[in-house]
Amino acid sequence: MQKKYILEMFPYPSGNIHMGHVRNYVIGDICARYHKLKGDEVIHPMGWDAFGLPAENAAIQFNTHPQDWTFSNIQNMKDQLKKLDLDLDWDRELATCKEDYYRYQQELFIDLYNAGLAYKKDALVNWDPEDQTVLANEQVIDGKGWRTGALVEQKVLSQWFFKITNYAEELLNDLDELTLWPDKVKTMQKNWIGKSIGAEIKFQIVGKDDQLNIFTTRPDTIYGATFIAISVNHNLVSKYLKEDEIEEIKKIFSNNIDDKEKQGILLDIKCLHPILEKEMPVYIANFVLDNYGEGAIFGCPAHDERDYEFAVKYSLPILKVIKCEDNELPFTQDGEVINSPLLNGLKKTEAIKKIIEYFEDKNIGKESINYKLRDWGVSRQRYWGCPIPVIYYEDGNYRVLDKSELPVLLPYDVNLNGKGNALLNHDSWRKIICPKTNKVAFRETDTLDTFVDSSWYYIRFLDNKLGKPFDTNKVNEYLPVDKYIGGIEHAILHLLYSRFFMKALRDIYKLNVNEPFKQLFTQGMITHKTYKTQNEEWVMPKDVIFTKGKLIRDKTKELIQEGPSEKMSKSKKNVVEPDEILESYGISATRFFMISDSPPDRELEWTDEGIQSSKNLVRRIEKYFTIDKTSLKEDTEKIIEKFIYNIEKNILNFSLNKCVADIYTLFNYLEKEKVFLYDSEISKKILVCLYPIVPKMCLNISKELFKSVEIGNWPSINTDLLLETNINLPIQVKGKLVTTIKTKKGYIEEDILKSIYEIDKIKNKILDRKVLKVINVQDKIINIITT
RNA sequence: GCGCCAGUGGCGGAAUGGUAGACGCGCUGGUCUUAGGAACCAGUGGGCAACCGUGGGGGUUCGAGUCCCUCCUGGCGCACCA
């Protein structure tokens with residue numbers, strides 16, 4: 001028996017499932033049900049990504065508790081999912097906010113720490129001064145906190161990090177292994193990791209003992225360097241400037257209206273050019289990133305657009321070192337090196353190679369590889385997350401707990417007021433006596449980023465009740481996940497973190513799994529037309545009616561304007577509710593429509609006509625099977641074999657829209673040719689093929705026809721019948737289609753040509769011309785080439 | 001700006017380099033009626049025709065929607081990444 005692990009991204013329990021979930025889970029369910037019918041051992045679990053900010057905010061807003069709110073949402077959403085007829089392994093269910101999940105995550109944290117993959121350091125974070133908490137980047141809108149509207153500050157805090165950068169190279173290289181991932185996602189990850197090959201060069205500061213390291217991908221332009229620029233957060237800055245001076249500069253930079261406008265503050269130090277030994281000015285510049293490379297650059301204005309702009313603004317010399325016309329400056333392409341004694345005449349690649357050799361020789365630089373990828377900051381100053389198993393002593397030292405000291409449970413009795421971290425204010429939870437030292441200690445009050453929770457849930461599903469995080473043998477046997485289905489919005493974060501986790505756990509536990517997800521399928525979002533009143537008020541589709549050639553709001557009779565189809569969103573109110581759709585159209589029509597109108601990886605526009613025609617299809621099939629007679633045509637069996645073959649192929653390719661087309665084609669044939677199957681074996685075969693898509697409808701029909709709810713196994717195909725013997729053979733003259741002839745497969749070319757030349761259309765085409773050549777692609781096409 | 005993806009009827013979309021437009025929606029005409037969110041039948045790329053048609057222009061090929069070059073348009077992602 002072949003194992004198939006089919007997984008859809010688990011939902012955040014926000015309260016209700018939405019149409020996007022429905023599409024996601026129906027696609028996965030079709031896949032899982034197909035494999036079960038094929039006799040595969042299918043794992044198809046579901047769980048809850050249950051920690052996170054919305055629970056805390058809801059708790060404050062509705063005066064409830066995050067845990068109660070979350071559990072009640074889970075219950076509600078589980079009920080909703082059950083109405084979708086999903087064949088899920090509910091006995092594998094997990095919720096990341098429950099002790100029996102997060103306590104094992106705390107074990108993994110300890111493992112990572114012991115492996116040197118978790119560490120603590122000071123870092124710049126977004127700080128909301130009113131809420132007294134760190135905000136994620138996506139919670140900062142126009143520099144302001146999304147909840148408070150307060151101006152967000154950059155603040156240095158001591159934070160926990162996971163050393164994902166250790167795996168940068170492997171995360172990049174192994175993308176090539178992921179042949180069943182969309183290229184788009186792989187490209188996004190590649191860009192995010194952002195590998196650059198270049199050089200690290202040391203610049204001496206004149207008259208001081210200090211050196212400045214600089215990363216560059218263009219060491220070949222070193223002779224054109226005319227200035228140095230460093231980030232305001234560079235550690236050299238704090239050495240030469242006072243705190244208040246630095247603050248002043250930061251203020252100047254942040255007051256910049258156009259943040260692309262380059263600004264520089266000249267420092268009172270000079271740098272020595274490593275080859276020419278001339279003195280160069282050093283600027284603090286707003287465009288130098290402090291978190292990339294060394295936070296410092298050498299400016300080569302002639303061959304870099306940003307440096308050029310800066311040099312022009314501050315009247316710095318522009319030295320050409322790549323051959324080009326003056327009006328081409330800044331010239332950033334490859335070219336012949338000039339004005340560079342060591343490199344003249346060389347092209348970029350050779351010049352880079354040679355100059356690096358020179359630097360290494362002189363011990364002032366070396367080849368260097370740089371990544372955009374930063375280590376993953378996992379600390380969150382929030383209550384509703386997995387506690388980090390660390391304690392702090394009064395002397396400032398900390399200790400990561402032993403596994404035997406776990407779990408660190410979240411206290412239930414917290415005071416949530418939106419001001420800061422409730423754990424920090426919970427003294428009786430925070431303060432403990434360390435059992436090892438008998439000293440007073442304080443628990444870590446930061447919790448883990450919820451992306452940590454989702455980085456290994458697919459492993460926990462394999463054995464959700466085990467007394468340790470996972471069983472090594474099971475992981476080796478059942479991972480990677482064969483098909484992982486979800487939205488493209490997780491292209492970087494979740495999918496990159498999970499890949500990192502898998503690799504880290506592989507190394508710690510000696511697993512033989514490299515990648516968590518063998519195949520990734522990203523389903524498209526669901527869109528809907530938007531509606532609003534003259535007063536720019538959004539109106540839900542169900543409140544809009546069409547009468548007398550006009551769209552009006554049902555209740556108020558206001559005139560409605562129709563806008564373009566956009567992603568369903570609560571803010572624009574262009575949503576339909578799954579519960580209401582199921583009520584009106586039934587589960588089978590809903591499942592059909594989820595895959596009908598466009599390929600699953602593209603957007604699906606929700607339309608009344610679309611869902612209605614799905615319902616009509618259901619009714620049509622059901623009606624067909626009530627016709628109580630059987631009569632076959634000669635080609636019926638062949639058509640059925642072809643149908644099975646196509647459905648199977650299209651399910652495996654995720655071409656589910658084509659499955660629907662196959663179904664229409666089949667029933668068009670059956671009805672038009674008056675082929676009736678009723679309770680025949682062929683009906684059984686058809687029902688098995690429809691079952692993954694519309695299980696409920698098939699069971700109902702099966703009950704009627706066969707008095708059975710056993711749907712059986714996926715039918716095997718008689719491939720002999722698939723080979724059409726009668727074919728329509730296209731005949732071309734000079735590559736253009738002239739006619740088609742009916743013939744049999746395996747015809748003899750010479751024989752058939754004789755009859756072709758007798759056809760009037762062909763005769764007329766050839767007439768007084770000479771036949772140069774006849775191309776016969778056996779059983780496919782014949783092309784007659786004439787003069 | 002860089003990267004990726006995509007441009008096919010009125011619309012959604014089909015086409016291992018081999019009959020472009022499967023299938024659906026919509027539309028047109030008709031049938032029936034136990035008036036339904038029906039059902040059924042016929043038709044539906046353009047043109048009177050020969051023919052012309054897959055964003056524009058070139059190329060490879062006996063043959064291109066499909067492969068190559070180039071340009072245009074749209075979507076998504078990243079965005080001062082040195």
Side-chain angles (χ1 to χ4, degrees), chain A residues 182-196 198-199 214-219 221 225 229 231 259-262 285-289 291-300 303-307 309-310 332 370-374 488-489 491-492 524 565 584-585 589 592-593 596-599 601-605 607-617 619-620 623 646 650 655 657-668 671-672 727-741 772-786:
Chain A
D183 287 338
K184 185 181 171 141
V185 175
K186 288 195 278 187
T187 310
M188 282 166 74
Q189 292 212 354
K190 190 178 165 208
N191 293 339
W192 187 264
I193 295 166
K195 180 180 182 178
S196 307
I214 279 174
F215 173 77
T216 177
T217 54
R218 292 298 304 273
T221 63
S231 153
D259 61 356
K260 294 270 177 182
E261 168 82 28
K262 303 222 170 354
N286 64 340
F287 69 96
V288 179
L289 303 170
N291 56 3
Y292 183 78
E294 303 287 334
I297 61 155
F298 74 72
C300 176
H303 307 292
D304 183 284
E305 281 169 25
R306 297 149 302 180
D307 300 349
E309 202 184 310
F310 191 79
T332 56
N370 205 11
Y371 300 92
K372 258 167 72 181
L373 183 69
R374 305 285 89 199
I488 192 141
E489 64 270 22
I492 310 264
S565 206
S584 311
Y585 296 95
F592 260 138
F593 184 54
S596 284
D597 278 10
S598 47
D601 56 348
R602 279 197 230 168
E603 347 187 289
L604 172 72
E605 183 176 7
T607 60
D608 289 344
E609 292 84 357
I611 181 73
Q612 183 56 44
S613 60
S614 290
K615 180 157 188 181
N616 294 345
L617 177 62
R619 181 159 36 199
R620 185 175 160 193
K623 193 173 149 198
N646 284 336
N650 289 328
S655 303
N657 54 323
K658 285 193 255 168
C659 286
V660 178
D662 294 334
I663 294 167
Y664 274 110
T665 308
L666 176 70
F667 282 89
N668 286 349
E671 289 172 350
K672 185 163 186 163
I727 52 170
N728 272 333
L729 187 69
I731 311 298
Q732 296 180 333
V733 175
K734 290 179 86 172
K736 286 194 174 180
L737 181 77
V738 177
T739 187
T740 63
I741 56 167
L772 296 175
K773 195 160 131 189
V774 173
I775 289 158
N776 172 40
V777 184
Q778 186 66 37
D779 300 341
K780 285 270 180 185
I781 201 163
I782 287 179
N783 190 0
I784 300 164
I785 315 298
T786 63

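Reminder, nothing fancy here: chain letters follow the sequence lines and each chain counts from 1.
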- request: Would you mind reading off the distance between A:Asp601 atom CG and B:A6 atom P, rounded to a whole angstrom?
  value: 10 Å
- line: Parsed dot-bracket for RNA chain B after applying the Watson-Crick and G-U rules with both distances under 3.5 Å and | for other-strand partners is (((((((..(((.....[....)))((((((.......))))))((....))..(((((..]....))))))))))))....
- prompt: Using the P atom in both, what is the distance from B:U73 to B:G65, to the nearest Å?
  reply: 24 Å
message: Within the 4.0 Å heavy-atom criterion, would you say A:Ile297 contacts the bases, only the backbone, or no part of the nucleic acid?
response: base
- request: Give a yes/no on whether any side-chain N or O of A:Ser596 is located under 4.0 angstrom from OP1 or OP2 of B:C23.
  value: no
task: Select base, sugar-phosphate, or nothing to describe what A:Val774 touches, counting heavy atoms under 4.0 Å on all strands.
output: nothing
message: Ignoring hydrogens and geometry beyond distance, is a side-chain donor-acceptor pair present between A:Ser613 and A:Tyr664 at under 3.5 Å?
response: no
message: Would A:Lys262 pass as a cation-pi partner of A:Phe310, given that its NZ or CZ must be under 6.0 Å from the six-membered ring centre and within 45 degrees of the axis?
response: no
task: Rounded off to whole Å, could you give me the OH-to-P distance for the A:Tyr664 and B:G21 pair?
output: 21 Å
task: Test for a donor-acceptor pair under 3.5 Å between the base of B:C62 and the side chain of A:Lys734, counting only N and O atoms.
output: no
task: Measure from NZ on A:Lys184 to C1' on B:G3 and round the result to the nearest Å.
output: 11 Å
message: What is the separation between atom CG on A:Asp662 and atom C1' on B:G24, rounded to the nearest whole Å?
response: 13 Å
- prompt: How far, in whole Å, is B:G59 from B:G43 if one measures between their P atoms?
  reply: 41 Å
message: Using the C1' atom as the point on both nucleotides, what is the distance between B:U28 and B:U34, in whole Å?
response: 28 Å
Are there any protein N/O atoms within less than 3.5 Å of an N/O atom in nucleotides 35-37 of chain B, and if so, which ones and at what distance?
residue	atom	partner	partner atom	Å
B:G37	O2'	A:Gln612	NE2	2.9
B:G37	N1	A:Tyr585	OH	3.3
B:G37	N2	A:Tyr585	OH	2.5
B:G37	N3	A:Gln612	OE1	3.4

query: What is the distance from CG of A:Asn657 to P of B:C11, rounded to the nearest Å?
result: 18 Å
- prompt: B:A79 C1' sits how many Å from A:Ile492 CD1, rounded?
  reply: 13 Å
Flag, side chain of A:Asp597 to backbone of A:Ile611, donor-acceptor distance under 3.5 Å: no
statement: Per the O4'-C1'-N9-C4 / O4'-C1'-N1-C2 angle with a 90° window around 0, B:G46 comes out anti
task: Among B:A22, B:C40, B:U19, find the nucleotide with the atom closest to the side chain of A:Ala661.
output: B:A22
- request: Write down the distance separating the P atoms in B:U70 and B:C2, rounded off to the nearest Å.
  value: 14 Å
query: Using the P atom in both, what is the distance from B:C41 to B:G24, to the nearest Å?
result: 12 Å
query: Does any N or O in the side chain of A:Asn370 come within less than 3.5 Å of the main-chain N or O of A:Ser196, such that one atom is a donor and the other an acceptor?
result: no
Short side-chain N/O contact from A:Asn286 to OP1 or OP2 of B:C80, under 4.0 Å: no
Span that lies between the P atom of B:U66 and that of B:G18, in whole angstrom: 12 Å
Sugar-phosphate, base or nothing in reach of A:Thr740, heavy atoms under 4.0 Å: base
- request: Starting from P on B:A22, measure out to CG on A:Asn668 and report it in whole angstrom.
  value: 12 Å
message: Just the rounded figure in Å: distance from P of B:G75 to CD of A:Glu603.
response: 11 Å
- prompt: When rounded to the nearest Å, what value does the distance between C1' atoms of B:A35 and B:G46 take?
  reply: 39 Å
Expected rows: protein N/O vs nucleotides 45-51 of chain B N/O, under 3.5 Å:
residue	atom	partner	partner atom	Å
B:C51	OP1	A:Lys765	NZ	3.2

